[in-house]
Amino acid sequence: MRMTSGPKMRTWPHASSAAMKSSRRSDDKAIAVGPSDEAIGKARIARVILVGVAALPLMLCHAPTALAAPGPRGEQWWFQAWEIQNKVWPISRGRGVTVALIDSGVQADITDLQGVVLPGIAYSETGTQARGDGRVDSDSELGGHGTAMATLIAGQGRGSRMMGVAPESRILPIQASSQYNYPEAIRYAVDHGAKVINFSEGVGYRCTDSIQDAVSYAISNDVVIVAASGNDPREPDTAPGDCAGVLSVGALSHDLKIWEKSAPGRNVMVAGPGVSVGATMKDGRFRPNLNGTSQAAALSSGVIALMRSHYSAMSGREVVQRLVATAKDVGPKGWDKWTGNGAMIPYLALTAEVPHNARNPAYEKLDTLQGMAPDVPKTESPAQHTRAVANEKVQGGGSSTGLLLGIAGSVVGLAVIAFAARRIMGRTR
């Protein structure tokens, strides 16, 4: 499921934005000040304002860095298509969620990923013997495939200015590349706190019993597994994307066309951006115009991290149900083997009312395999979630609390400055 270079790219469907209205009030009343007092009054006001302005940085020192958060590069078209900055990030930025990246390792020392990559593990080529912590990218053919996927998920906007869709998530790097170490890699991710596992790679054959057993282990421990469908239409249904319970992802362009090399599959559930999706490589440089279901899978994992952060009490099964139920049909009518149930719409996945009995085909296949009746969870609505987390927000959970406190402090400080200025003006009349 390696990425390839290609050419540039109808607009992705999303909820229409409400027009923002602003008003401006003018006040033409002048303050009557005697000729000799005017200079004194102005001097005193200037001193108060200077002191107040100097103190403002202290008022804001505890506000989160979101006040000056970097934005995406111009080439990152999926930010606009998905309304990430305007609608998604005010709800979630992925805080508290670990995404395991089973790939070629991640170059943890590049500027765009500093402070993001946790110690993981690197397996030998054909076995399960550890040979490192995964924080070095071993890919010499493409220049850092694992690192590129990590920046799509959790890039910090520094260095090459590559921004991930879930910048407050963390990456657990696991270097693994074969049927021999995939099962162990999945179990390692589960046992080390991952809530999402991303496979932007795969093997050229069907799901094996050992990989399926590991997938079942992950799902039984409430971990969501995402995998690329593949980059060769002649090789459909390859592991781990075709394993029951895995969310397999196809690739779409900016104008919602199916990428010509996106592999079809009976287990494809959704599709994401995969054409002209650039990323930062292990040398720290941004490489534009890359194509592949690898990128579509990584961006999907980032979206699931956003969902798992926002709906922290929601099961992985319910998260996948919401993502699939809110996708927009873009291929042949209904489910199809290239785009599954359609294009992912992160904002809707985070906010839409989803019926508790909405289908969840990825997990239905697993239930059938295990001889179980499909488990239809009672999905938490956005209104219910708001009530459930109100207590957490009051106690300081989430970055929005710090932001509000910082802004409130600034408003109070400015009010004090204005009051002092009025007092001085009153004395100079």
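Remember, it's a predicted structure, so these values are computed and weren't measured experimentally. Counting begins at 1 with the first residue of the sequence.
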Participant: For Gln321 and Arg317, indicate whether the former's side chain and the latter's backbone hold a donor-acceptor pair under 3.5 Å.
Facilitator: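 No, because the side chain of Gln321 does not come within donor-acceptor range (under 3.5 Å) of the backbone of Arg317.
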Participant: Would you say the side-chain atoms of Asp139 pair up with the backbone N or O of Gly144, donor to acceptor, closer than 3.5 Å?
Facilitator: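 Such a contact is found between Asp139 side chain and Gly144 backbone.
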Participant: Are a donor atom and an acceptor atom from the side chains of Glu318 and Tyr311 found within less than 3.5 Å of each other?
Facilitator: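 Result is no, nothing qualifies.
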Participant: Using the rule given for side-chain contact (heavy atoms from CB on, under 4.5 Å), can you reason through Lys365 versus Thr368, listing the C-alpha separation, both sets of side-chain angles and the distance that settles it, and then say yes or no?
Facilitator: CA-CA 5 Å; Lys365 292 185 177 183; Thr368 299; 5.7 Å; no
Participant: Would you say Arg131 has more than 12 foreign heavy atoms packed within less than 6.0 Å of its CZ?
Facilitator: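 More than 12 heavy atoms, drawn from other residues, nucleotides or ligands, come within 6.0 Å of this atom.
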Participant: Has the side chain of Ser309 got a donor or acceptor atom that lies under 3.5 Å from a matching backbone atom of Leu306?
Facilitator: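 Flag not set: sc Ser309 to bb Leu306 has no pair under 3.5 Å.
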Participant: Is there a donor-acceptor pair closer than 3.5 Å between any side-chain N or O of Lys282 and the backbone N or O of Asp137?
Facilitator: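 Side chain of Lys282 to backbone of Asp137, a donor-acceptor pair under 3.5 Å: yes, one is there.
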Participant: Step by step, work out the side-chain contact (heavy atoms from CB on, under 4.5 Å) result for Gln107 and Met281.
Facilitator: CA-CA 8 Å; Gln107 200 68 34; Met281 314 308 286; over 6 Å; no
Participant: What distance do Gln156 atom CD and Thr280 atom OG1 have between them, rounded to the nearest 0.5 Å?
Facilitator: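 That separation rounds to 11.5 Å.
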Participant: Roughly how far, to the nearest 0.5 Å, is CD of Glu201 from OG of Ser177?
Facilitator: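 Reported value, rounded in 0.5 Å steps: 6.5 Å.
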Participant: Could you pull out the closest heavy-atom pair between Thr339 and Gly331, with the gap in Å?
Facilitator: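 Here Thr339 and Gly331 meet closest at OG1-N, 3.9 Å.
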Participant: Specify the closest pair of heavy atoms between Ser300 and Val226, including all atoms of both residues, with the distance to one decimal.
Facilitator: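 In this case the closest contact between Ser300 and Val226 is CB-CG1, 4.1 Å.
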Participant: In sequence, state the C-alpha distance, the side-chain angles, and the governing distance for Ser262 and Ser229, and then conclude on side-chain contact (heavy atoms from CB on, under 4.5 Å).
Facilitator: CA-CA 7 Å; Ser262 189; Ser229 68; 3.8 Å; yes
Participant: Please check this pair: side chain of Asn181 against backbone of Ser124, looking for a donor-acceptor N/O pair closer than 3.5 Å.
Facilitator: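 Between the backbone of Ser124 and the side chain of Asn181 there is a qualifying donor-acceptor contact (under 3.5 Å).
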Participant: When rounded to the nearest 0.5 angstrom, what distance separates CG in Leu101 from OG in Ser301?
Facilitator: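 Result: 8.0 Å between the selected atoms.
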Participant: Would you say Trp77's side chain and Pro273's backbone share a donor-acceptor pair under 3.5 angstrom?
Facilitator: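 Checked: no pair found.
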Participant: Check the pair Ser210 / Gln179 against side-chain contact (heavy atoms from CB on, under 4.5 Å), numbers first and verdict last.
Facilitator: CA-CA 8 Å; Ser210 59; Gln179 61 170 320; 5.9 Å; no
Participant: In Å, rounded to the nearest 0.5 Å, how long is the span from CE of Met149 to CG of Asn198?
Facilitator: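 Reported value, rounded in 0.5 Å steps: 8.5 Å.
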Participant: In chain order, what residues pass the side-chain hydrogen bond (donor to acceptor under 3.5 Å, both in side chains) check against Asn221, with sequence neighbours excluded?
Facilitator: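 Testing Asn221 for side-chain hydrogen bond (donor to acceptor under 3.5 Å, both in side chains), a comparison that skips the adjacent residues, returns none.
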Participant: Looking only at non-hydrogen atoms, find the nearest pair between Tyr182 and Ile211 and report the distance.
Facilitator: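 Answer, listing the atom of Tyr182 first, then Ile211: CD1-CD1, 4.1 Å.
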Participant: Under the criterion side chain to side chain contact (heavy atoms under 4.5 Å, CB included), which of Asn267, Leu369, Val215, Leu366 is the partner of Cys243?
Facilitator: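 Single pass found, and it is Val215.
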Participant: When you measure from the side chain of Asn289 to the backbone N and O of Ser276, does any donor-acceptor pair fall under 3.5 Å?
Facilitator: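 A pair under 3.5 Å: no.
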Participant: Using a strict threshold of under 4.0 Å (side-chain N to carboxylate O), is an ion pair present between Asp222 and Arg308?
Facilitator: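 Looking at Arg308 and Asp222, the cut-off is met.
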Participant: Name the atoms and distances for all side-chain donor-acceptor pairs under 3.5 Å in residues 185-192, with sequence neighbours left out.
Facilitator:
unit_1	atom_1	unit_2	atom_2	d
Tyr188	OH	Gly120	O	3.3
Asp191	OD1	Tyr217	OH	2.6
His192	ND1	Tyr188	O	2.8

Participant: Taking only residues two or more places apart in sequence, or in another chain, which ones meet Ala108 in a side-chain contact (heavy atoms from CB on, under 4.5 Å)?
Facilitator: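 Here the qualifying residues are Val117, Arg135.
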Participant: Please find the pair of heavy atoms, one from Gly292 and one from Ala251, that lie closest to each other, and give the distance.
Facilitator: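 Looks like O-CB, 4.0 Å.
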Participant: Strictly distance-based, threshold 3.5 Å: is any side-chain N or O of Ser169 a donor or acceptor partner for the main-chain N or O of Ala154?
Facilitator: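 It does not hold such a pair.
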Participant: Do the side chain of Asp329 and the main chain of Gly342 share a donor and acceptor less than 3.5 angstrom apart?
Facilitator: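 Side chain of Asp329 to backbone of Gly342, a donor-acceptor pair under 3.5 Å: no, none is there.
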Participant: Quick check against the 3.5 Å criterion: does Arg287 have a side-chain atom that pairs as donor or acceptor with the backbone of Ala279?
Facilitator: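 Such a contact is absent between Arg287 side chain and Ala279 backbone.
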Participant: Find the distance between CG (Asp103) and CD (Gln175) and round it off to the nearest 0.5 Å.
Facilitator: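 Here the rounded value is 9.0 Å.
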Participant: CH2 of Trp338 to OG1 of Thr293: how many Å apart, nearest 0.5 Å?
Facilitator: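 Interatomic distance, Trp338 CH2 to Thr293 OG1, rounded to 0.5 Å: 15.0 Å.
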